[in-house]
Amino acid sequence: MLPIKMMAVMSLFVGLTAAMAETLPLTTVEKVDLQRYLGVWHEVARIPTTFQRKCVSDITATYTLRDDGKIAVLNQCRKKDGSMNRAEAVARVVDKTSNAKLQVSFVSLLGMRLFWGDYWIIGLDSEYQWVVVGHPERKYGWILSRNPELTGAEKETVLKILAEKGYDAALFQWAR
């Protein structure tokens with residue numbers, strides 16, 4: 001009987017901890033080296049969004065430093081009919097101390113960027129092999145990797161980060 005009570009108490013504790021994390025402000029990693037962050041990333045999981053509904057596989061994001069210090073973003077994916085979809089954007093660093101808070105704009109009107117979306121780096125491998133990207137309200141989330149798939153250990157680490165940051169991992173759709 002004692003183990004059942006203990007398990008119930010532990011389950012309650014885990015549930016309360018997750019609920020508390022969800023209400024706390026989202027935190028980012030301490031520091032991002034933008035030079036190491038640049039390059040090609042494969043999307044391995046995401047919270048489904050309307051702007052990615054056409055994408056069914058082979059989803060990548062390529063980041064390149066521009067002359068003005070902003071980052072050129074090229075998102076590509078394969079659509080259901082087998083053709084490739086491309087979306088170009090610009091990212092700007094919002095928190096220059098950490099480089100972990102960025103904003104991305106896919107909309108340009110006469111060269112002006114009208115709408116910016118938050119892109120916060122909330123988990124990052126020390127070797128820049130995977131990253132967890134979030135939104136301050138936790139309405140979006142992406143898990144990116146330099147490889148098309150995460151190893152088992154990497155996935156466990158990412159799931160732990162999601163829980164610590166107040167994300168419901170069940171909301172993420174995995175590519176494989």
Side-chain angles (χ1 to χ4, degrees), residues 18-19 21-23 25-29 32 34 37-64 66 70-94 100-125 128-152 154-176:
E22 197 173 303
T23 61
L26 187 63
T27 58
T28 64
V29 298
V32 176
L34 290 178
Y37 196 80
L38 299 174
V40 178
W41 293 90
H42 299 268
E43 180 184 284
V44 295
R46 70 171 181 248
I47 294 177
T49 61
T50 56
F51 52 86
Q52 282 186 296
R53 69 179 171 264
K54 296 178 187 175
C55 298
V56 295
S57 67
D58 303 323
I59 303 168
T60 61
T62 303
Y63 304 110
T64 310
R66 296 173 13 150
K70 292 184 175 119
I71 298 168
V73 179
L74 172 62
N75 288 350
Q76 298 183 96
C77 69
R78 189 163 308 282
K79 297 189 300 186
K80 196 174 192 174
D81 67 4
S83 66
M84 292 298 287
N85 185 52
R86 295 171 48 101
E88 294 184 30
V90 173
R92 63 183 179 195
V93 177
V94 177
K101 290 182 181 178
L102 296 95
Q103 290 182 324
V104 180
S105 176
F106 284 91
V107 179
S108 176
L109 181 64
L110 303 173
M112 295 184 322
R113 295 286 168 175
L114 304 176
F115 307 102
W116 294 88
D118 290 311
Y119 179 104
W120 290 12
I121 300 170
I122 62 173
L124 180 62
D125 175 56
Y128 287 67
Q129 293 304 299
W130 55 260
V131 63
V132 181
V133 178
H135 181 275
E137 295 172 17
R138 295 173 182 86
K139 57 185 178 180
Y140 306 120
W142 295 271
I143 300 165
L144 308 174
S145 174
R146 296 295 186 181
N147 299 303
E149 295 182 37
L150 296 177
T151 66
E154 290 171 334
K155 188 172 180 179
E156 281 182 39
T157 301
V158 163
L159 290 172
K160 183 178 174 188
I161 290 168
L162 290 175
E164 289 171 353
K165 301 295 182 169
Y167 270 92
D168 179 354
L171 296 176
F172 282 80
Q173 197 175 64
W174 293 82
R176 304 205 190 271

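Side chains included, hydrogens not; waters and symmetry mates left out as well; all remaining heavy atoms used.
Taking the six-membered ring where the residue is Trp, Tyr119 and Tyr63 present perpendicular rings, their angle passing 60° and hence far from 30°. Aromatic ring pairs are classed by plane angle as parallel below 30°, tilted from 30° to 60° and perpendicular above 60°; the pair Trp41 and Tyr37 is tilted.
Asn147 and Ser145 share no donor-acceptor pair across their side chains, judged by distance under 3.5 Å alone.
Between Arg86 and Glu88, some side-chain heavy-atom pair lies under the 4.5 Å cut-off. The closest side-chain heavy-atom distance from Tyr167 to Ile122 is below 4.5 Å. Counting heavy atoms from C-beta on, the side chains of Val90 and Arg66 come closer than 4.5 Å. You'll find the side chain of Gln76 stays beyond 4.5 Å of the side chain of Asp58, heavy atoms only. Side chains of Glu43 and Cys77 form no contact here, defined as non-hydrogen atoms less than 4.5 Å apart.
Across Val44 and Pro148, no two heavy atoms sit closer than the pair CG1-O, 3.1 Å. For the residue pair Val32 and Leu124, the shortest heavy atom distance occurs at CG2-CD2, 4.2 Å. Taking both residues in full, the closest heavy atoms of Phe172 and Asp168 are given as CD1-O, 3.8 Å, listed atom of the first, atom of the second, then distance. Residues Ala100 and Val29 share a closest heavy-atom pair of CB-O, 3.6 Å. The two residues Gly123 and Trp130 have their closest heavy-atom pair at C-CZ3, 3.9 Å.
With rounding to the nearest 0.5 angstrom, the OG1 atom of Thr60 is 7.5 Å from the CG atom of Asn75. Between atom CG of residue Leu150 and atom CD1 of residue Ile143 there is a gap of 7.0 Å, rounded to the nearest 0.5 Å. Rounded to the nearest 0.5 angstrom, His135 NE2 and Trp142 CH2 are separated by 8.0 Å. Note that OG of Ser57 and NZ of Lys80 are 12.0 Å apart. Values are rounded to the nearest 0.5 Å. Remark: Thr151 OG1 to Glu156 CD distance equals 8.5 Å, nearest 0.5 Å. Between the CD1 atom in Ile47 and the CD atom in Gln52 there is a gap of 11.0 Å [rounded to 0.5 Å].
The main-chain N or O of Lys165 is found under 3.5 Å from a side-chain atom of Arg138 such that the two form a donor-acceptor pair. Counting only distance, with no hydrogens or angles, the side chain of Thr62 and the backbone of Val40 share no donor-acceptor pair below 3.5 Å.
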*For the pair Gln129 and Arg146, evaluate side chain to side chain donor-acceptor pair (under 3.5 Å) and give the outcome as yes or no after the intermediate values.*
CA-CA 5 Å; Gln129 293 304 299; Arg146 296 295 186 181; 5.8 Å; no
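Both cation-pi conditions hold for Lys155 and Trp174: the charged atom is under 6.0 angstrom from the six-membered ring centre and inside a 45 degree cone around its axis.
Counting heavy atoms of neighbouring residues, nucleotides and ligands inside a 6.0 Å radius, atom NZ of Lys160 does not exceed 12 of them.
For the side chain to side chain contact (heavy atoms under 4.5 Å, CB included) test with Leu102, the passing option among Val94, Val93, Val133 is Val93; the others fail.
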